[in-house]
Engineer: 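Below: one structure in structure tokens.
Small disclaimer: the values here were computed from a predicted structure and weren't measured. Chain A is the first sequence line, chain B the second, and so forth, proteins listed ahead of strands; every chain is numbered from 1.
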Number of protein chains: 2
Amino acid sequence: MTSSTAPAQPGSGALTRESIGRSARRLFARRGYAGASVRAIASEAGVDPALVIRHFGSKERLFLETVAIEGRFDDVISGPLDTLGGRLVESLLTEAPEITFSTWRAMLRATDSDLVRSRLIAAMEEMFIRPLSPRLSGPDPELRARLVAAAVSGLLDAVAILSDDLIVQATVEQLVRLYGPSIQVLVDG
Amino acid sequence: MTSSTAPAQPGSGALTRESIGRSARRLFARRGYAGASVRAIASEAGVDPALVIRHFGSKERLFLETVAIEGRFDDVISGPLDTLGGRLVESLLTEAPEITFSTWRAMLRATDSDLVRSRLIAAMEEMFIRPLSPRLSGPDPELRARLVAAAVSGLLDAVAILSDDLIVQATVEQLVRLYGPSIQVLVDG
DNA sequence: GGGTGTTGTCAACGCTGTTGACGTCCGGAC
DNA sequence: GTCCGGACGTCAACAGCGTTGACAACACCC
């Protein structure tokens with residue numbers, strides 16, 4: 001019998017772990033944290049639900065390890081300051097926007113969890129505040145950098161969570177032209 | 001015997017319904033949608049969990065009926081346009097901020113539910129976009145009004161969800177002075 | 001060949017939202 | 001007075017959830 005149970009090839013753990021991670025990424029992005037059940041993730045990965053917990057410890061940790069904000073805006077931020085607002089908006093809307101949006105949606109909705117919340121805070125600080133605030137001149141540079149991050153949050157909310165029709169259907173140029181100067185004011189101080 | 005079961009005074013339904021509503025408001029604000037269980041709400045109201053469903057139909061509808069965004073910014077928006085940005089920020093931060101913040105937090109986190117999501121969209125439209133967009137001159141008035149709403153979302157995110165320390169600890173005057181002009185740019189077009 | 005550790009399965013726990021059957025009381029009809 | 005209908009509330013149970021512990025199957029080391 002090839003058997004109904006498929007047991008234990010040592011070293012295969014990493015593979016199934018990765019397979020679980022892929023399914024988790026997909027389902028978390030599509031259905032959100034609460035909507036993606038451990039059982040559904042396990043089923044899509046062809047695996048027992050208990051194995052998911054065995055590999056990742058908990059659903060919360062699975063979420064944290066698979067759904068990560070990875071956006072890199074260093075290039076944008078290290079560019080010329082006087083056009084930063086527009087370039088930031090453009091970069092948000094064009095650079096891997098699906099991942100950015102679905103990740104933002106999933107993480108923000110899951111901020112019930114303190115771990116998710118602090119992870120999101122850390123990501124925002126690493127992506128925007130830390131690289132930006134030392135570049136700002138004038139008063140309250142860090143506070144202004146944090147308000148830039150807030151403005152970015154707002155745009156992400158509108159597109160990824162509220163799915164504001166007019167904003168979603170607007171061209172990138174329009175949004176750069178309109179929302180860019182709004183952020184630019186925070187940069188200029 | 002005063003009895004262990006307290007049965008059926010006709011007309012008392014409205015009272016217990018209201019009592020359930022109060023407990024729900026409290027627990028949803030404190031623990032969020034997922035964190036506040038129907039059983040906990042029922043227990044705090046001194047009531048059987050099934051009765052909660054009987055009165056409100058479902059947890060989702062209970063949430064929608066109890067946690068509502070009620071902010072009124074008509075006065076602010078109908079005031080002079082050239083100072084709208086600052087006045088809007090000030091109003092957001094001073095007018096019943098706890099309710100605004102905890103409601104924003106609870107609703108945004110619960111946008112997994114399409115009903116909650118569309119309710120939040122409707123609230124944003126009623127509070128900001130509908131009163132503001134007819135007052136804007138220049139190109140794309142409605143799109144700009146929606147971007148104002150996005151900027152507001154960003155500020156609410158920073159304060160209510162991410163709890164950005166520097167923003168929370170900043171004075172209202174500081175935030176009016178810094179974030180106000182950023183919104184003002186969208187108003188001026 | 002007999003441990004040892006990795007990989008995986010299975011049944012179960014306590015929790016969740018929700019439902020249907022069942023009481024229990026009040027107000028009105030006859 | 002008595003019976004009925006409906007409002008009000010309780011109770012036990014359902015399926016699904018995240019998670020756990022006991023157990024099986026295999027590869028490897030000695």
Side-chain angles (χ1 to χ4, degrees), chain A residues 1-21 23-24 27-28 31-67 106 109-110 112-116, chain B residues 1-21 23-24 27-28 31-67 106 109-110 112-116:
Chain A
M1 278 300 162
T2 53
S3 91
S4 56
T5 67
Q9 226 73 345
S12 77
L15 281 179
T16 61
R17 199 189 136 95
E18 202 176 334
S19 163
I20 294 170
S23 303
L27 285 180
F28 280 139
R31 304 189 198 169
Y33 181 79
S37 74
V38 169
R39 284 173 163 84
I41 292 168
S43 164
E44 192 179 286
V47 147
D48 191 276
L51 198 59
V52 174
I53 303 296
R54 259 229 186 308
H55 272 297
F56 289 89
S58 69
K59 182 187 183 182
E60 192 180 30
R61 291 225 286 274
L62 170 63
F63 181 82
L64 285 173
E65 288 198 32
T66 54
V67 180
R109 283 174 175 167
D112 281 328
S113 150
D114 283 342
L115 273 91
V116 172
Chain B
M1 280 298 166
T2 51
S3 91
S4 55
T5 66
Q9 225 74 342
S12 77
L15 281 179
T16 62
R17 199 189 137 95
E18 201 175 334
S19 163
I20 293 170
S23 303
L27 285 180
F28 279 140
R31 304 188 197 169
Y33 180 79
S37 73
V38 170
R39 282 172 165 85
I41 292 168
S43 164
E44 192 179 286
V47 146
D48 190 277
L51 199 58
V52 174
I53 303 297
R54 257 234 188 312
H55 272 297
F56 290 89
S58 69
K59 183 186 182 182
E60 192 179 30
R61 291 223 287 274
L62 170 63
F63 182 82
L64 284 173
E65 289 198 32
T66 54
V67 179
R109 283 174 175 168
D112 281 327
S113 149
D114 283 341
L115 273 91
V116 173

Engineer: Quick one: label Ala36(B) by what it contacts on the DNA or RNA (base, sugar-phosphate, nothing), any heavy atom closer than 4.0 Å.
Structural biologist: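 Contact class for Ala36(B): sugar-phosphate only.
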
Engineer: Taking all non-hydrogen atoms of both residues, which atom of Ser23(A) and which atom of Ile41(A) are closest, and how far apart?
Structural biologist: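 Here Ser23(A) and Ile41(A) meet closest at CB-O, 3.8 Å.
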
Engineer: Got a second to check how far Ile20(B)'s CD1 is from Arg54(B)'s CZ, nearest 0.5 Å?
Structural biologist: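 So the gap between those two atoms works out to 11.5 Å.
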
Engineer: Identify the heavy atoms of Ala36(A) and Arg31(A) that sit nearest to each other, and give their distance.
Structural biologist: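 Looks like N-CB, 4.0 Å.
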
Engineer: Show your working on side-chain contact (heavy atoms from CB on, under 4.5 Å) between Arg109(B) and Tyr33(B) and close with a plain yes or no.
Structural biologist: CA-CA 7 Å; Arg109(B) 283 174 175 168; Tyr33(B) 180 79; over 6 Å; no

Engineer: I need the CD1-P distance between Ile41(B) and dT16(C), as an integer number of Å.
Structural biologist: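 So the two atoms are 11 Å apart, to the nearest Å.
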
Engineer: Does Arg39(A) contact dG16(D) through a side-chain donor or acceptor facing the base, at a distance under 3.5 Å?
Structural biologist: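 Not at all, since no donor on one side and acceptor on the other fall under 3.5 Å apart.
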
Engineer: At 10 degrees resolution, what angle do the end axes of the helix from dG1(C)-dC30(D) to dC30(C)-dG1(D) form when each is taken over five base pairs?
Structural biologist: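 Overall, the helix from dG1(C)-dC30(D) to dC30(C)-dG1(D) bends by 30° from one end axis to the other.
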
Engineer: For Lys59(B) and Arg54(B), take the nucleotide of DNA chain C holding the closest heavy atom to each; which residue's nucleotide lies nearer the 5' end?
Structural biologist: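 The 5'-side residue here is Lys59(B).
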
Engineer: If the cut-off is 4.0 Å, is Ser37(A) near the phosphate of dG16(D), judged by side-chain N/O to OP1 or OP2?
Structural biologist: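 Answer no for this pair, as no side-chain N or O of Ser37(A) is under 4.0 Å from OP1 or OP2.
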
Engineer: Ile20(A) has an atom CD1; how far is it from atom C1' of dG8(C), in whole Å?
Structural biologist: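 Ile20(A) atom CD1 is separated from dG8(C) atom C1' by 10 Å.
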
Engineer: On the ring face of Phe28(B), is Lys59(B) found with NZ or CZ under 6.0 Å from the centre and within 45° of the axis?
Structural biologist: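 Negative - Lys59(B) is either too far from the ring of Phe28(B) or too far off its axis.
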
Engineer: So, is Thr16(A) close to the dT7(C) phosphate, meaning a side-chain N or O under 4.0 Å from OP1 or OP2?
Structural biologist: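 Negative; the distance criterion is not met.
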
Engineer: Taking OP1 and OP2 of dG8(C), is either one under 4.0 Å from a side-chain nitrogen or oxygen of His55(A)?
Structural biologist: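 Yes, because at least one side-chain N or O of His55(A) sits under 4.0 Å from OP1 or OP2 of dG8(C).
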
Engineer: Could you tell me whether the side chain of Thr66(A) and the main chain of Leu62(A) form a donor-acceptor pair under 3.5 Å?
Structural biologist: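 Side chain of Thr66(A) to backbone of Leu62(A), a donor-acceptor pair under 3.5 Å: yes, one is there.
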
Engineer: Nearest whole angstrom, please: distance from the C1' of dT18(C) to the CZ of Phe56(B).
Structural biologist: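 It is 16 Å, rounded to the nearest whole Å.
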
Engineer: Find the distance Asp48(A):CG to dT7(C):P and express it as a whole number of Å.
Structural biologist: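 In whole Å, dT7(C) P lies 16 Å from Asp48(A) CG.
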
Engineer: Got a donor-acceptor contact below 3.5 angstrom from the Arg17(B) side chain to the His55(B) backbone?
Structural biologist: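 Looks like yes, one N/O pair under 3.5 Å.
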
Engineer: Measure the distance from CD on Glu60(A) to P on dG18(D) and round it to the nearest whole Å.
Structural biologist: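 So the two atoms are 13 Å apart, to the nearest Å.
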
Engineer: Would you mind reading off the distance between Ile53(B) atom CD1 and dT16(C) atom P, rounded to a whole angstrom?
Structural biologist: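 Rounding to the nearest Å, CD1 of Ile53(B) and P of dT16(C) are 13 Å apart.
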
Engineer: Rounded to the Å, how far apart are Leu51(A) CG and dG21(D) P?
Structural biologist: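 Answer to the nearest Å: 16 Å.
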
